[in-house]
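Here's the structure, in structure tokens; my notes come after.
Each chain gets a letter, A, B and so on, in the order its sequence line appears, and its residues count up from 1.
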Protein chains: 2
Amino acid sequence: MNKNTYHIFFTNLANPLRIKIISSLKEKEKNVTEISKELGVEQSKISHALIKLRCCNLVEVNQKGKQRVYSLNKKTILPILKIIDTHAKTFCEGGCKGCKG
Amino acid sequence: MNKNTYHIFFTNLANPLRIKIISSLKEKEKNVTEISKELGVEQSKISHALIKLRCCNLVEVNQKGKQRVYSLNKKTILPILKIIDTHAKTFCEGGCKGCKG
DNA sequence: AATATATATGAATATAAATTCATATGAATA
DNA sequence: TATTCATATGAATTTATATTCATATATATT
């Protein structure tokens, strides 16, 4: 495996906006404008975020008329988020404190 | 759960040096100097990295004389890395290409 | 208690990543 | 084919993160 895979992948998941997009797409697939409005975030910012997510195949896109509909790769994402949640509950007592910076 | 948990956690895993440290600690627990020498990386850099990893309880530390011995929280780390590896093989054909920047 | 060894810390700097905004592209419809 | 709507792109700027280096702390040894 490419030695930068972890970096690219986890940098994606380290980004709060991309996590919000991921959360939003858990529910159902959405186009860019829908995501933008739902999150109250400017469109190009959403597009930039989606491109990064797509690079790692964390989301996929389908053209539907002039919209582009993004859907989540749940198979990968959901188990990872679950592990972190469990980890946080088990080891971090509801949040990682004491991290300066 | 704290809404920044993902950020802190994944920022840790997005860092190549910290991934190297994690890989090294898979084998066995090690003190700071051992890690530093093994990776050929300056000591304070290792210490800074370890502090971040420790913040999220991805590693834990035990004093042993004047050494501080770090060990890996395998329970959390190993399954996550495995998911990424599988993801990369399944969806990225040996590496995430086409990501500019 | 002085010295040596091991590690941590802080702050300045360097590097990387995200945001912003103007604009380009592309698909649909009048 | 001109216009509108939807999305992507690029480059400048801002913000976040990592590195570096000097030094502090802590433990052990003499």
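Each of D:dA8, D:dT17, C:dT7 was ranked by its minimum atom distance to the side chain of B:Ser47; first place goes to C:dT7. Proximity note for A:Leu17 (side chain, C-beta onward) versus C:dT19, C:dC21, D:dT19: the nearest is C:dT19. Comparing D:dA8, D:dT27, C:dA8 by their nearest atom to the side chain of B:Lys66 picks out D:dT27. Across D:dT7, D:dT27, D:dA18, the shortest atom-to-atom separation from the side chain of A:Arg68 is found for D:dT7. Among the nucleotides D:dA18, C:dT20, D:dT17, the one closest to the side chain of A:Ser44 is C:dT20.
The side-chain heavy atoms of A:Leu50 and A:Val61, taken from C-beta on, include no pair separated by under 4.5 Å.
Among the protein residues, A:Gln43 comes within range of the nucleic acid bases, having at least one heavy atom under 4.0 Å from a base atom.
A straight line from NZ of B:Lys37 to C1' of C:dT5 spans 11 Å, rounded to a whole angstrom. Atom pair A:Leu50:CG and C:dA18:P shows a separation of 14 Å (rounding to whole Å applied). Note: CD (B:Glu34) to P (C:dT5) measures 17 Å, nearest angstrom. Remark: P of C:dT7 and NZ of B:Lys30 are 14 Å apart, rounded to the nearest angstrom. For the pair B:Gln67 CD and D:dT25 C1', the interatomic distance rounds to 16 Å; values are reported in whole Å. The nearest whole Å value for the distance from the NZ atom in B:Lys45 to the P atom in C:dA8 is 16 Å. Going from atom CG of B:Asn31 over to atom C1' of C:dT7 covers 10 Å, rounded to whole Å. In this structure, CG of A:Asn15 is placed 16 Å from P of D:dT15, rounded to the nearest angstrom.
Of the candidates B:Leu25, B:Leu13, B:Ile21, B:Leu13 is the only one forming a side-chain contact (heavy atoms from CB on, under 4.5 Å) with B:Leu58. Evaluated for a side-chain hydrogen bond (donor to acceptor under 3.5 Å, both in side chains) with A:Asn12, the options A:Arg18, A:Lys52, A:Arg54 yield exactly one hit, A:Arg18.
Axis angle across the helix from C:dA1-D:dT30 to C:dA30-D:dT1, with five pairs used at each end and values rounded to 10°: 20°.
In this structure, A:Lys20 contributes its side chain and A:Leu39 its backbone to no donor-acceptor pair below 3.5 Å. A donor-acceptor pair under 3.5 Å is absent between the side-chain atoms of A:Ser36 and the main chain of A:Val32, judged by distance alone. Using a distance-only test at 3.5 Å, with no hydrogens or angles considered, a donor-acceptor pair links the side chain of B:Gln63 to the main chain of B:Gly65. A:Thr11 contributes a side-chain N or O that, together with a main-chain N or O of A:His7, makes up a donor-acceptor pair within less than 3.5 Å.
Between A:Tyr70 and D:dA8 there is a side-chain polar atom (N or O) within less than 4.0 angstrom of OP1 or OP2. Remark: B:Arg18 is in phosphate contact with D:dA18, judged by side-chain N or O atoms under 4.0 Å from OP1 or OP2.
Between the base of D:dT7 and the side chain of A:His48 there is no donor-acceptor pair shorter than 3.5 Å.
Nearest-nucleotide mapping onto DNA chain C: of A:Glu42 and B:Val69, the residue sitting toward the 5' end is B:Val69. Toward the 5′ end of DNA chain D lies the nearest nucleotide of A:Ile46, the other residue of the pair A:Ala14 and A:Ile46 mapping further downstream.
For the residue pair B:Tyr6 and A:Asn15, no side-chain donor N or O sits within less than 3.5 Å of a side-chain acceptor on the partner.
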